[in-house]
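Here's the structure, in structure tokens; my notes come after.
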Amino acid sequence: MIPVPAPGIPGVHGLTTLVASVVVVAALYLGREVLIPITLAVLLSFLVAPIVHVLRSWHLGRIPAVLVTMILLLGVLAGLGAVIGTQVAGLVQNIPQERAALVHKVETLRTMTVGNLGRLVKGAGDELKRDTLARPKKQTAAPAQPPPLRVRVVHRPISGTQLARRIVLPTLGPLALVFLVFTVAGFVLVYQDDLRDRLIRLFGSHDLHRTTTALDDAAHRLSRYFLAKFLINLGSGVVVGVGLAVIGVPGAILWGVVTMLARFVPYIGSVIAAVPPALLAAAIAPGWSMVIWTLVLFIVTEAIAGQVVEPMAYGHSTGLSPISVLVAAIFWSFIWGPIGLLLSTPLTLCGVVLGQHFKRLEFFAVIFGNQPALTAVESFYQRALAGDPDDVADQAEIVLRDRLLGEYYDEVVLPALRFAAADADRGVLYPGQIERVEATIHELMTVLDERDEIAAMLHRVDFASPSVLCFAGRGRLDELAASLLTQLLRWRGIGARVVSFDAVSRSQIAALDTTGIEVGAICTLDAGTAPSSLRYLVRRVHGAMPGASLAVGFWTTSEDYERYARFQAAIDAEWFPTSLRDAVGIVMEFLGRSEEDAPEATIDPAPVTPETGRS
């Protein structure tokens with residue numbers, strides 16, 4: 001029975017990581033009043049860094065360039081704030097006039113949708129009320145009511161202190177936040193080099209070149225992304241503002257700014273931005289045309305910005321997986337409220353970019369990045385262990401659109417077989433898992449052979465009289481490796497057959513039919529495990545077919561080639577290929593086949609449909 005490893009107990013490192021994570025989350029929540037301005041300042045520095053760089057390229061000093069950038073940005077914000085304040089005041093004044101029209105439209109929609117149900121409920125209520133009134137009531141003497149008192153409301157004059165408390169004080173908080181953010185962002189830009197040196201000392205002073213390159217790359221990528229995102233959102237806001245002004249919706253500039261900010265919210269930002277102007281259009285217009293045009297404007301703008309402009313600006317994705325964007329939005333909105341919701345995607349992207357460069361932060365890239373968590377080899381091995389041949393075949397067909405079968409076998413399947421062989425030797429596989437691996441790969445080979453273009457070619461190959469024998473080594477999966485080589489040879493139009501290790505044992509090799517065999521190929525995943533067994537196998541094969549040439553393939557990693565080189569001197573063979581494609585090339589050269597005469601058969605899979613996941 002194969003021993004099964006007992007589940008381990010989390011070590012000190014795992015507990016330390018858990019405690020550190022809890023402490024960091026608690027610090028983010030409790031310190032949000034301090035951390036939010038600092039975070040906004042750092043992100044603002046990423047956003048305006050290209051502007052500072054342009055000003056410095058005009059031979060302007062660092063401090064003057066930062067001051068000019070901040071003054072320009074403050075001027076833009078002040079002007080925009082004045083315009084928005086004016087539009088908000090106008091909208092507030094028109095709310096009473098527009099309320100009646102909006103109520104009328106809502107009542108019309110209610111009548112068209114649930115009006116019948118409402119009438120039924122009202123009729124049942126009226127019937128119940130009539131039954132209640134028809135019942136005799138017990139007469140009681142009503143107590144005498146005192147005459148009502150006349151009340152007159154007297155408005156006390158508002159003092160200057162009360163006026164300041166109502167108007168001035170509420171604006172001090174946002175103004176202080178803006179001042180703090182701009183001040184910290186300015187210092188970050190001015191002392192950028194010093195901060196970078198401190199981060200290098202913190203994360204990797206032992207490897208200055210790598211750490212410096214990582215920080216510069218991360219800063220460049222983040223700055224480019226934030227600037228592109230801001231410009232795209234600004235463009236969307238301008239288009240929406242101009243479009244709403246043409247349609248006739250009041251407060252067009254205000255809704256354009258709201259659209260620009262709302263697009264930072266993942267998935268639902270544009271929907272949130274479209275609701276207020278749509279309701280306003282329904283309130284001021286007698287018909288429904290303004291509402292329809294407003295919704296069409298938002299839909300078209302979001303489709304162009306999200307599906308055309310953003311992929312052109314920074315690729316088809318932000319580098320984040322869709323589920324991570326949603327989880328990050330929930331997490332940061334819980335920690336920092338609405339500001340956290342706006343900053344969720346940029347903050348998570350910062351973690352992913354840093355995690356791609358620094359080992360200590362790699363878990364950010366693994367958890368939230370859109371790159372596959374497993375390599376192609378690990379993914380193949382995992383699905384083979386799970387016994388999922390359909391998923392393996394799907395992945396193989398996708399890969400084989402751009403690569404040849406030999407490359408796929410050498411770079412994915414053979415390394416997965418080595419993983420399985422190593423795990424089997426260590427006794428860590430559950431009962432039946434090695435059989436699942438074998439069955440999955442055999443199923444994959446069958447699926448590939450059944451493709452129409454491959455089946456037509458294989459029909460022309462004479463497999464009854466093969467010219468190549470592929471011998472399996474002593475390992476459990478060596479016969480499977482020999483099957484892969486056999487399939488590659490057949491796809492080249494060369495007759496080949498697999499010979500198991502038992503068939504070339506001392507007692508069985510005399511019955512081996514070697515008629516017409518010109519080349520023999522011994523396949524082993526790890527020759528170092530049993531070198532003496534391999535030498536004896538080579539001797540028996542030479543004795544069984546003395547006129548044929550022999551190749552011994554070490555299907556192993558490149559790091560092990562030197563370790564296995566000493567076995568080549570002790571083994572009587574003509575060739576020692578190190579990959580399946582190398583072995584195919586050797587066999588073709590010996591048989592006098594050229595690439596033009598026998599090109600490797602390729603497949604052209606049909607596109608995978610999203611409904612079925614299969615072609």
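Of all heavy-atom pairs spanning Thr440 and Pro389, the tightest one is CG2-CA, 3.9 Å. In terms of heavy atoms, Val447 sits closest to Glu397 at CG1-OE2, 4.2 Å. Counting all heavy atoms, side chain and backbone alike, Val377 lies closest to Pro415 at CG1-CB, 3.6 Å. Summarising the geometry of Val239 relative to Leu297, their closest heavy-atom pair is O-CD1, 4.3 Å, with the distance given to 0.1 Å. Taking all atoms of both residues into account, the shortest heavy-atom contact from Phe471 to Gly520 is CE1-CA, 4.1 Å. Thr486 approaches Ala496 most closely through the heavy-atom pair CG2-O, 3.6 Å.
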Go through it in stages, so that I can follow the logic: the residues are Gln395 and Ser379, the test is side chain to side chain contact (heavy atoms under 4.5 Å, CB included), and I'd like the CA-CA distance, side-chain angles, deciding distance and then a yes or no.
CA-CA 10 Å; Gln395 290 186 348; Ser379 178; 3.5 Å; yes
I would like to know whether Thr348 and Val325 meet side chain to side chain contact (heavy atoms under 4.5 Å, CB included); could you show each step before the answer?
CA-CA 8 Å; Thr348 308; Val325 174; over 6 Å; no
Does the pair Leu385 and Val437 meet the rule for a side chain to side chain contact (heavy atoms under 4.5 Å, CB included), with working shown?
CA-CA 6 Å; Leu385 286 175; Val437 173; 3.8 Å; yes
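Remark: Asp513 engages Thr515 in a side chain to side chain donor-acceptor pair (under 3.5 Å) (not counting sequence neighbours). When the side-chain contact (heavy atoms from CB on, under 4.5 Å) test is applied to Pro577, the partners found at least two apart in sequence or on another chain are Ala551, Trp555, Trp575, Asp582, Ala583, Ile586. Annotation: ring-ring contact (aromatic ring centres under 6.0 Å, His included) contacts of Tyr408 (sequence neighbours excluded): none. By the side chain to side chain donor-acceptor pair (under 3.5 Å) test, Glu438 is found to be paired with Arg476, residues two or more places apart in sequence or in another chain being considered. In this structure, the ring-ring contact (aromatic ring centres under 6.0 Å, His included) partners of Phe226, at least two apart in sequence or on a different chain, are Phe46. Partners of Glu302 by salt bridge (charged side-chain N to carboxylate O under 4.0 Å, His left out), not counting sequence neighbours, listed by chain and number: Arg263.
For Gln487 (side chain) and Met445 (main-chain N/O), a donor-acceptor pair under 3.5 Å exists by modelled atom type. Judged by distance alone, with hydrogens and angles left aside, the side-chain atoms of Ser45 form a donor-acceptor pair with the main-chain N or O of Val42 at under 3.5 Å. When atom types are taken as modelled, the side chain of Glu574 and the backbone of Leu550 share a donor-acceptor pair closer than 3.5 angstrom. The backbone N or O of Asp388 sits nowhere less than 3.5 Å from a side-chain atom of Arg383 that would complete a donor-acceptor pair. Between the Asp478 side chain and the Gly475 main chain, a donor and an acceptor come within less than 3.5 Å of each other. Between the Thr301 side chain and the Phe298 main chain, no donor and acceptor come within less than 3.5 Å of each other.
From Arg436, atom CZ reaches atom CD1 of Ile441 across 14.5 Å, with rounding to the nearest 0.5 Å. With rounding to the nearest 0.5 Å, the separation of CZ in Arg492 from CG in Leu591 is 12.5 Å. With rounding to the nearest 0.5 Å, the separation of CZ in Arg490 from CG in Leu485 is 11.0 Å. Atoms CG and CG, from Leu477 and Leu484 in turn, are 10.0 Å apart once rounded to the nearest 0.5 Å. The CZ atom of Phe368 sits 11.5 Å away from atom OG1 of Thr345, with the distance rounded to the nearest 0.5 Å. Atom CG of residue Leu417 and atom CG of residue Leu525 lie 6.0 Å apart, to the nearest 0.5 angstrom.
By the 4.5 Å heavy-atom criterion applied to side chains, Ser500 and Asp502 are counted as neighbours. With contacts defined as side-chain heavy-atom distances shorter than 4.5 Å, the pair His442/Ser483 qualifies. Taking 4.5 Å as the limit, every side-chain heavy atom of Leu489 sits out of range of all side-chain heavy atoms of Pro466. You'll find the side chain of Trp491 reaches within 4.5 Å of the side chain of Leu448, heavy atoms only. Lys229 has its side chain within reach of Glu310: a pair of non-hydrogen atoms, C-beta onward, lies under 4.5 Å apart. Contact check for Gln433 versus Asp423: no side-chain heavy atoms found under the 4.5 Å cut-off. Using a 4.5 Å heavy-atom cutoff, the side chains of Phe590 and Glu518 are in contact. The shortest distance between side-chain heavy atoms of Val541 and Val499 does not fall below 4.5 Å.
For the pair Arg474 and Tyr536, the cation does not sit on the ring face, since its NZ or CZ is not both under 6.0 Å from the ring centre and inside 45° of the axis.
Look at Arg581 and Asp410 and you find no salt bridge, because none of the NZ, NE, NH1 or NH2 atoms lies under 4.0 Å from a carboxylate O.
His53 NE2: 12 or fewer foreign heavy atoms inside a 6.0 Å radius.
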